[in-house]
Amino acid sequence: MDKKKLSESDICDKFIRPAMEKAGWHGMDQIYREFPLRAGRVVVRGNKAQRDKSTVLFADYVLCLKPNIPLAVIEAKDNNHAVSAGMAQAINYAQLLDVPFSFTSNGDGFVFRDSTLTTGVLEQNLTLDEFPSPAELWARYCAWKGWTPEVQRVAGFAYSPSKIPRYYQINAINRTVAAIAAGQQRALLVMATGTGKTYTAFQIIWRLWKSGAKKRILFLADRNILIDQTMVNDFRPFKGAMAKLSPNAKGIERINDQGQLEVDDVDLAVDKTTKAVNKSYEIYLSLYQAVTGTEEASNIYKQFSPDFFDLIVVDECHRGSASEDSAWRDILTYFNSATHVGLTATPKETKEISNTFYFGEPIYTYSLKQGIEDGFLAPYKVIRVDLDKDTFGWRPTAGMTDNTGQLIEDRVYTGRDMNRKLVLEPRDAVVAERITAYLKATDRMAKTIVFCEDIDHAARMRQALSNANADLCGTKPNYVVQITGDNPEGKRELDNFIDPEKALPVIATTSKLMSTGVDAQTCKLIVLDQNIKSMTLFKQIIGRGTRLREDLGKSWFTILDFKRATELFADKDFDGDPVQIYEPKGDDPIAPPDTPDPLDPANPNPVRPEPVEGQPKDPLGPFGGGSTPVTKYVLGNQVTVSVARERVQYLNAEGKLITESLRDYTRINLQKQYTSLDAFLHAWSAADRKAALLEELEKHGVLVEALAEEVAASGLTGLDPFDLLLHVAWNMPPLTRRERARRVKKRNVFTQYGATARKVLEALLDKYADEGIAAMESDEVLRVQPLNTLGSPVELVKSFGGRPQYLAALQALENELYTAAP
């Protein structure tokens, strides 16, 4: 057998896999072929999106002790490569999977890299017969970690077979289970919204519970919907051992397909009459608020002994549990002997509140940026809309009164005051009209969340949006709904809003209720009309749009920003590691210096979260004004409001938001890649396929389709990408595709071809004029109209003498197209 003639796949099947099996690795439980790592970044181009195939990652082999407990990766090459040729790839994959062992092979043998250095050797060559066994690698791994036999038992315990986790979930689960098994009492996991925190928590609990390491578990959250979603989705395998811990629980409410309210059957741990707790369950799920209160009798959790629970998992721990003086924290203090695990996308680090001070540094962090880069989260584009009164300010005339007759304080009101101290009803109408215009231009049934300043603002926006969409709301009254804590009708619609199978409601106006934990998988538009200074709140709100559902047409989302809130994207801490800021007391270690806290009453512009139903109201009120009421002026048609300016922003190739105009960004980017206009013209002329060159440019951040949309707004439409780029980057006068096609026809350059071939070239020119160069170069172009009416693809190619001659003619046609002379 000549190995040099075998493909990489053949090398795997005939040499690599047999060597592993001979060493004791068996079946699909231990040997994973083409293990998926990164799904491939979704790139937004104009109003379309596609995956960048060059960023998709698969490991040729991943070896596991048990399913989802990886130990090693193997990178295979065909026998024309050296045995060590794939080591750089193998190391990269091993780092992603958090494993120390990497192998490469070309079928002759292996190169084995052991980062544990337990034998003192980093890399060594092995024959096919020397591949290490599962027991050998596990022993090296455990020795490297310093694990006791009990830690090894728990850390090596099997996963629930519910579904296959992604690589970062595997890392988070395995690290947490091992840390807890080793005796760590506090653990923090930071995972971006939409990356599966609840599923990760389920697997952690499952393995600790099934292994016997933790026997009684309490899962805490601060929103009913978080508990309900968890019980019926990720935690469903716990049914029978799991109960909802709430004195007022009625099961899980939902609206069925007939619009009727139904209650799913779940186990309830509290007797509704006596309020006595059934302690026979092993896993309890509860709201913080449901088991605590100012009256001792309402503290349901105290019916348990302080050592009843072995493990408490705190979902969205950036909220109540982060604060030392919070009543919710009393639960954690009461069950102090239990292991506490915090889950959040946005750890809260302020002068008064610190997740990391309580839970410790994160065991694992998976950021929004990494999720987008890996292709597991949806990218976004930003449309910034500046309204004139917000941007330039507004001052009342002398003696001016509002709708209720109040004398308006004489000063300049800016965007910070809108809907907090000054309500301009025409402003609501302008915002509603702009939201509606966007939906009409894209998809009127695209799920949309409008984040408003407060409940009153959310109510007004519901009305303004209903009026702006009267053609739909007349027959679909729930096309627009208000979903806020004080609105039971709207809250009942929340299940329908987040259900991917339900078309209505489409637009939800809210204040804070939908900022956390709402799994709105198909939300395509996030509208920001709220003053947001808290990075935690900002991340939570943006997280409502980051879920990917390509099967339902959700590949990306748009942020429509009326308050310049997206300037927080430029903050160095937007996607960085959590930074702990607190004031040391007593013997506490010295901490980093203070920074202003958006929630600090001393801050001139504090942002206070809206009280959750059942939670005591914030003593400082929604505007941070203490007990002093805030005067709010309401004005109708005495004032006009208009759009001052608007700009679209995209994520560039590095995942950063383009802050300059797309034209400026393209010019700078192109001039970096091509030192002169001549260099660009040469590259364009030398490209066999112009579409391939354009694809390469887009990988470097030149967003051709988006740029065409922006330029079209100034009246330049129907441009070839060649002319578009020349015009934007080098200020050259552009020609439309139709003008270029007409010039070629006018020069009569097809005389050397036969009748059929001439018709093909003329049809290709028409295809270019209508759809562009990519359509003309497509391999399928001969199969579509009008070319398929001239003959079959084989017949059309034969009219040129064969495929090489056809491709040469196509190249000659392109040369003629891009000749400047008329």
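Hydrogens, waters and symmetry mates play no part in the numbers below; they use all other heavy atoms, side chains included.
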[X] versus [Y], closest heavy-atom pair with distance:
X      : Y      : value
Pro500 : Thr522 : CB-CG2, 4.0 Å
Arg663 : Val711 : NH2-CA, 3.7 Å
Leu188 : Cys317 : CD1-SG, 3.7 Å
Ala172 : Met191 : CB-SD, 4.2 Å
Ala39  : Val56  : O-CG2, 3.4 Å
Cys523 : Phe557 : O-CB, 4.0 Å

So, [X] and [Y]: side-chain donor and acceptor under 3.5 Å apart, yes or no?
X      : Y      : value
Tyr366 : Asp374 : yes
Thr566 : Asp561 : yes
Thr436 : Asn469 : yes
Thr558 : Tyr438 : yes
Asp388 : Ser642 : yes

[X] [atom1] to [Y] [atom2] distance, which is reported to the nearest 0.5 Å:
X      : Y      : atom1 : atom2 : answer
Glu710 : Arg647 : CD    : CZ    : 9.0 Å
Trp556 : Ile372 : CH2   : CD1   : 13.5 Å
His457 : Thr484 : NE2   : OG1   : 12.5 Å
Leu377 : Thr546 : CG    : OG1   : 5.0 Å
Glu550 : Leu548 : CD    : CG    : 5.5 Å
Lys421 : Thr414 : NZ    : OG1   : 9.5 Å

_Tell me whether Asn637 at atom CG has more than 12 heavy atoms from other residues, nucleotides or ligands lying less than 6.0 Å away._
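Check fails, neighbour count at 12 or below.
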*Does atom CD1 of Ile164 have more than 12 heavy-atom neighbours from other groups under 6.0 Å away?*
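No, CD1 of Ile164 has 12 or fewer neighbouring heavy atoms, counting only those of other groups under 6.0 Å.
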_Cys452 and side-chain contact (heavy atoms from CB on, under 4.5 Å): which single residue from Arg462, Met461, Gln530 fits?_
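With Cys452 as partner, Arg462, Met461, Gln530 yield a single side-chain contact (heavy atoms from CB on, under 4.5 Å), made by Met461.
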*Among Asp234, Asn233, Thr230, which one satisfies side-chain contact (heavy atoms from CB on, under 4.5 Å) with Tyr199?*
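Between Tyr199 and the candidates, side-chain contact (heavy atoms from CB on, under 4.5 Å) is satisfied uniquely by Asp234.
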Taking only Lys NZ, Arg NE, NH1 and NH2, and the carboxylate oxygens of Asp or Glu, determine whether [X] and [Y] approach each other closer than 4.0 Å.
X      : Y      : answer
Asp315 : Lys197 : no
Lys512 : Asp454 : no
Arg38  : Glu373 : no
Lys244 : Asp267 : no
Arg434 : Asp529 : no
Lys563 : Asp386 : no

_Applying side-chain contact (heavy atoms from CB on, under 4.5 Å) to Ile449 and Leu525, what does each step give before you reach the verdict?_
CA-CA 7 Å; Ile449 305 177; Leu525 179 62; over 6 Å; no
*State whether Phe497 and Lys447 meet the cation-pi test: NZ (Lys) or CZ (Arg) under 6.0 Å from the six-membered ring centroid, and within 45° of the perpendicular axis.*
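Yes, a cation-pi geometry.
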*Give a yes or no on whether the ring-centroid distance for Tyr168 and Tyr364 is below 6.0 angstrom.*
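No, the ring of Tyr168 stays outside the 6.0 Å limit from the ring of Tyr364, centre to centre.
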_CA sep, side-chain torsions, deciding dist, call: Arg549, Gln521, side-chain hydrogen bond (donor to acceptor under 3.5 Å, both in side chains)_ = CA-CA 7 Å; Arg549 281 301 302 266; Gln521 300 176 28; 2.4 Å; yes
*Given side-chain contact (heavy atoms from CB on, under 4.5 Å), test Ile526 with Val450 step by step and report yes or no.*
CA-CA 6 Å; Ile526 300 290; Val450 183; over 6 Å; no
*Kindly determine whether Met231 and Arg236 satisfy side-chain contact (heavy atoms from CB on, under 4.5 Å), including the steps that lead there.*
CA-CA 6 Å; Met231 292 189 79; Arg236 184 176 291 274; over 6 Å; no
